[in-house]
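What follows is a set of notes on a single structure, which appears directly below.
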Amino acid sequence: MLEDKKRYLITSALPYVNTVKHLGNLVSSLLPADILARYLRQRGEEVLAVCGTDDHGTPAEVSALEAGMPVEKFVEQMSLKQKDIYERFGLSYDIFSRTHTQENAELTQHLFLKLHKNGHIKEKEVRSLYCKNCKRNLPDRYVVGTCPNCKYEHARGDQCENCSKVLDGIDLINPKCIICGESNTEIKNENHLFLDLGGLEGKIKAWVDTHKDWPKTTSSIANSWLKEGLRPRSISRNIKWGIPIPLDGHRDKVFYVWFDAPIGYISISQQWAKQQGKPKLWEKFWKDPETYLINFIGKDNVPFHAITFPATLAGADDGIILADYIKAFQWLNYERLKFSSSQGVGIFTDTALELYPADYWRYYIMKIAPERHDTDFLWTEFRDSINNDLADILGNFVHRTLIFINNNFEGKIPTRNKLEKEDKDILSSLEEAAKNADSEMRKLEFQRTLLVIFDFARECNKYFQSKKPWADMKSNNTERAATTLNICAQCSRGLAVLLAPYIPFSSEEIFEQLNLKESIHKQSWFSVTEKILDGHKVKQEILPIFKKIELEEIIELGLKWGSESIKEVLEKNPNLDPLKKKKKHAPKKIKQKKKVEKVTKELISFKEFQKLDLRVGTIKTVEPVKDADKLVKIIVDIGTEERQIVAGIAERYKPDELIGKQIIVVVNLEPAKIRGVESNGMLLAASADPEISVLVPLREVPDGSKVR
RNA sequence: AGCGCGGUGGGGUAGCUAGGUUGUGCCCACAGGGCUCAUAACCCUGGGAUCGGUGGUUCGAAUCCACCCCGCGCUACCA
């Protein structure tokens, strides 16, 4: 719940620099921060909204390496690229900068030295793995080896996926570096710096406890950390790319990226102040308790914003305020999958803008914003939302109003006459909508705000429908029609003002069609109920504001990017499948030698597919099965165990061809006895009678690797 | 494994903190009707739910308690 304060400071989680972000990143911090900023500005509040890229850390280094560029240059380029995308999305920051700046380096070092002086920094010897080939320290994630607990040979350094024991990279037996794949590592002892969270626990707990109004997502994660007790957290890294540590004995190291990233909020504000020509101006926002500070983040970021960053600030004791509200979002999934930059799952911000206008995305992802729980981006729902809500409800209402005025009143807002009950009702609905939208917005309930506004838009259509101005015109009751249209014009204007934070481009367009001189973005929130002057001339040429999305378009996109929801549509209407259509038109293919079985049996869901546990295994032994010409008994190592399976491939393969090869095994197939021999699984092979081709992984992977 | 969040008609979502009329609301999809100013749009009506499961507390539970099942996330040098 927003409190009334003198000014508002809004931060969105700094997007990590190495890749273009996806819609999930947009919805959990960047976009809602913008919407709130726009709303507050409309209310005439003093607002500072800051953001920028998070530039440091190993992944940036690795990405730069892959791109064959110096880190510094790569990061700068990516930062500018992201900035450009966000501008095109209409994100209205006061400043969008980065963490690799002089300001951030100085401030980070300054706060660190204060923490050190105040006794909150500890030094500890840490044993870590070092890869002599890559000449870099290996984070736990970058190590594989044998699990000391269950002897699984391909355990990752952070956790063994076989016995699920939480590990430490140095515990692994025979550790291997993932980056170069070699086993040329050594254990190094290094002194590292730790932020002593334990000493600050009381302060953090008190601060968390006074904020009972935070979203569940925020407070439950914060409290669970506090409950377990805060332990010292390492803040130094032995890499080159980052902010140097200004302390003797550690000058060869840099700060761990989580330490300097949130400080970026402040240093970016300092940059903004300099741009304003008042270098001290940032203190007004960051050092005055009359400022209301809101962080927008995804749930993965809660520990940093609710525990470690406030601990940094509290420990440094430099007069910088802590957040008043931490709005944490859950995940936006893509068609029931996790959005993933590394695996290219989902829609990325640059692609999105190539496909549809920014407002389409802004509207839809805020409509499904994961405020309470994870939600799904579905192409079908995307289309439904744009077509129903934006085009039909909102767009069409404005459109029918303006066309009517143009056709019947020479394009001039007609004069309002005697009001009837329905007229008064719709006008009070407008006021009510503004009031309710306002109160939801102040609770930072983004979806509910949108619901309130669109409920009102629906009422507007009902009103138009029940007043039947077209019938009035026919029966020469022009005065009555004039009143109706006067009110509809006012409601159109009101809707534009209410929706301006969400769909700024479209709201502006409505204003243009209404031919209102001042930009929508200069309209005060309080002008929602304002009338348009009688006789004011609206634009002559009225075109639909929102173009609808055709089903075919969305099917194509869904097939291109992968989509469960589109598959369901095609299942119901197979004739919509463009692939099948093409087949119809394509000249008949030269007959294949063999009749290929029809590919499409019955569509199954991804979930059903996931029931199969397919693993990679190495064939250890192959023996013929007694009294069977076609069967062989195979022992295959699937990582966790050796399995005996029976396969009907004896006629086509000799044991020598098979032993040592990696194959793919269905490991959760129910056991069966074939010719008296027990078979616990099944190997995958292509059957092209009489030929049989056993499927093998193209590259060698650890036994037990999942196949999907 | 521990912790956190969630599981509501075909899809989505609200209601749960402070239990109360037969499972209420909203959006979409579906069926029927109306209207014709408008982007085949808008308006009205209707069908459809064991409120994840089991047990408990209570006069009464989607709502409280216990246990279980399922999905997702976090578990601290992966930002």
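Residue Lys462(A) places its side chain closer to C43(B) than to any other of U39(B), C43(B), C72(B).
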Mind listing the N/O atom pairs, protein and nucleotides 29-35 of chain B, below 3.5 Å?
unit_1	atom_1	unit_2	atom_2	d
G34(B)	N2	Gln465(A)	NE2	3.1

Would you tabulate the side-chain donor-acceptor contacts of residues 469-476 of chain A under 3.5 Å, counting partners in other chains and residues two or more places apart, or write 'none'?
unit_1	atom_1	unit_2	atom_2	d
Ser475(A)	OG	Ala471(A)	O	3.1
Ser475(A)	OG	Asp472(A)	O	3.3

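Using modelled atom types, one side-chain atom of Tyr16(A) and one backbone atom of His56(A) make a donor-acceptor pair closer than 3.5 Å. The backbone N or O of Asn238(A) lies less than 3.5 Å from no partner atom in the side chain of Asp252(A), so there is not a single donor-acceptor pair. In this structure, the side chain of Lys327(A) engages the main chain of Leu444(A) through a donor-acceptor pair within 3.5 Å.
Heavy atoms from other residues, nucleotides or ligands lying under 6.0 Å from CD of Glu123(A) number more than 12. Within 6.0 Å of atom NZ in Lys412(A), 12 or fewer heavy atoms from other residues, nucleotides or ligands are found, so the atom counts as exposed in its surroundings. Heavy-atom contacts from other residues, nucleotides or ligands closer than 6.0 Å to CZ of Arg231(A) number 12 or fewer.
Counting any heavy atom pair closer than 4.0 Å across all strands shown, Phe464(A) reaches a base atom.
Residues from residues 189-198 of chain A placing a heavy atom under 4.0 Å of any atom in RNA chain B do not occur. A heavy-atom distance below 4.0 Å to RNA chain B is reached by these residues of residues 394-402 of chain A, ordered by number: Gly395(A), Asn396(A), His399(A), Arg400(A).
To the nearest whole angstrom, the two C1' atoms, one in G15(B) and one in G32(B), are 30 Å apart. Rounded to a whole angstrom, the distance from the C1' atom of G23(B) to that of U13(B) is 16 Å. Only the C1' atoms considered, G48(B) is 25 Å distant from G6(B), to the nearest whole Å.
In terms of the ring-ring contact (aromatic ring centres under 6.0 Å, His included) criterion, residue partners of Tyr265(A) (sequence neighbours excluded) are, by chain and number, His305(A).
Pairing partner, G4(B): C72(B), with both Watson-Crick or wobble hydrogen-bond distances short of 3.5 Å.
Phe348(A) and His22(A) have perpendicular rings, their planes meeting at more than 60° on a 0 to 90° scale where under 30° would count as parallel.
If you take CG of Asn477(A) and C1' of C37(B), they are 16 Å apart, rounded to a whole angstrom.
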Given protein heavy atoms under 4.0 Å, the one-letter contact record of nucleotides 4-16 of chain B, with B base, S sugar-phosphate only and - none, is simply SSS----SSSSS-
